[in-house]
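Note sheet for the following structure.
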Amino acid sequence: AQTVTQSQPEMSVQEAETVTLSCTYDTSESDYYLFWYKQPPSRQMILVIRQEAYKQQNATENRFSVNFQKAAKSFSLKISDSQLGDAAMYFCAYRGTGANNLFFGTGTRLTVIP
Amino acid sequence: GAVVSQHPSRVICKSGTSVKIECRSLDFQATTMFWYRQFPKQSLMLMATSNEGSKATYEQGVEKDKFLINHASLTLSTLTVTSAHPEDSSFYICSARDRTRAFFGQGTRLTVV
């Protein structure tokens, strides 16, 4: 069974600084998708970034980038130039190519310090 | 981008009554929708996968007779919490997929008093 582990329940970062959130996963599949979702206080789940396992290049979306290490089954999220609006719960998620549903990690609560 | 609308956002009901939550995909057809439950400060727990025109697939430990799911069209799935009890109080989130991405509704906070 697929499992997603986020070992940091809480993280904090100074505004304008950089922070990295960790995520590891376990799977026997060779092709799959990985995601980072943000859940602000409004509870709306927002897709931050997406990575296809067959792509070696790390995905980037503006200030958000990932470090995808397929052999190590690691998928960390780096937030650069952190902003107050980045404060939220961040969930790492996995989906197999043949599957419909997402497997979520337990989340990391990010606090941004002004 | 694609939008999923979930209604209501908040509902308070009396113990023993039933509550229906709607999930609509507004600008795309979703053959599959998902229902999650989220307890405070915890992750999303998949309750069931809703397939248009067929019975939902429930995760282990989720009572199908308590959490009735109907997916009558390609744009609408409903979750009915029957004979609600205070322990059913939670945050419920629906999700719909297109070929590559999952989109989430705004969530419904259910409080059973």
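Below, chain A is the first sequence line, B the second, and so on; all start at residue 1.
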Side chain from CB out, backbone as N, CA, C, O: work out which of these in [X] comes under 4.5 Å of a heavy atom of chain B, or both, or neither.
X: A:Tyr37; value: side chain
X: A:Gln39; value: side chain
X: A:Arg43; value: both
X: A:Phe91; value: side chain

Verdict with supporting geometry, B:Tyr36 and A:Leu102, side-chain contact (heavy atoms from CB on, under 4.5 Å):
CA-CA 10 Å; B:Tyr36 295 87; A:Leu102 293 166; 3.9 Å; yes
Chain A contact via B:Gln42 - which portion, at a heavy-atom distance below 4.5 Å
backbone
Would you indicate whether B:His7, at its atom NE2, is surrounded by more than 12 heavy atoms from other residues, nucleotides or ligands within a distance under 6.0 Å?
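For B:His7, atom NE2 is not crowded (no more than 12 foreign heavy atoms under 6.0 Å).
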For atom CD of A:Gln57, is the number of surrounding heavy atoms from other residues, nucleotides or ligands below 6.0 Å larger than 12?
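It does not: A:Gln57 CD has 12 such atoms or fewer within range.
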Quick check on the structure: residues of residues 78-87 of chain A within a heavy-atom distance below 4.5 Å of chain B, by number.
none
Do [X] and [Y] belong together in a cluster built from hydrophobic side chains that touch within less than 4.5 Å?
X: A:Met89; Y: A:Trp36; answer: no
X: A:Phe68; Y: A:Phe64; answer: yes
X: A:Leu21; Y: A:Tyr33; answer: no
X: B:Ile93; Y: A:Phe103; answer: no
X: B:Val11; Y: B:Val112; answer: yes

With heavy-atom distances below 4.5 Å as the criterion, would you say the side chains of B:Lys41 and A:Thr106 are in contact?
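Answer no - side chains too far apart.
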Taking a cut-off of under 4.5 angstrom between non-hydrogen atoms, the residues of residues 43-81 of chain B near chain A are B:Ser43, B:Leu44, B:Leu46
How far apart are the C-alpha atoms of B:Gln6 and A:Gln44, what are their side-chain angles, what is the distance that settles it, and do they pass the side-chain contact (heavy atoms from CB on, under 4.5 Å) test?
CA-CA 11 Å; B:Gln6 187 173 342; A:Gln44 173 75 60; over 6 Å; no
When B:Gln106, B:Gln38, B:Arg109 are compared by non-hydrogen pairs under 4.5 Å with chain A, the top option
B:Gln38
Once you round to the nearest 0.5 Å, how far does CG of A:Asn101 lie from CH2 of B:Trp35?
16.0 Å
Rounded distance (nearest 0.5 Å) linking atom CZ of B:Phe103 with atom CE of A:Met45:
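Going from the CZ atom of B:Phe103 to the CE atom of A:Met45 covers 13.5 Å.
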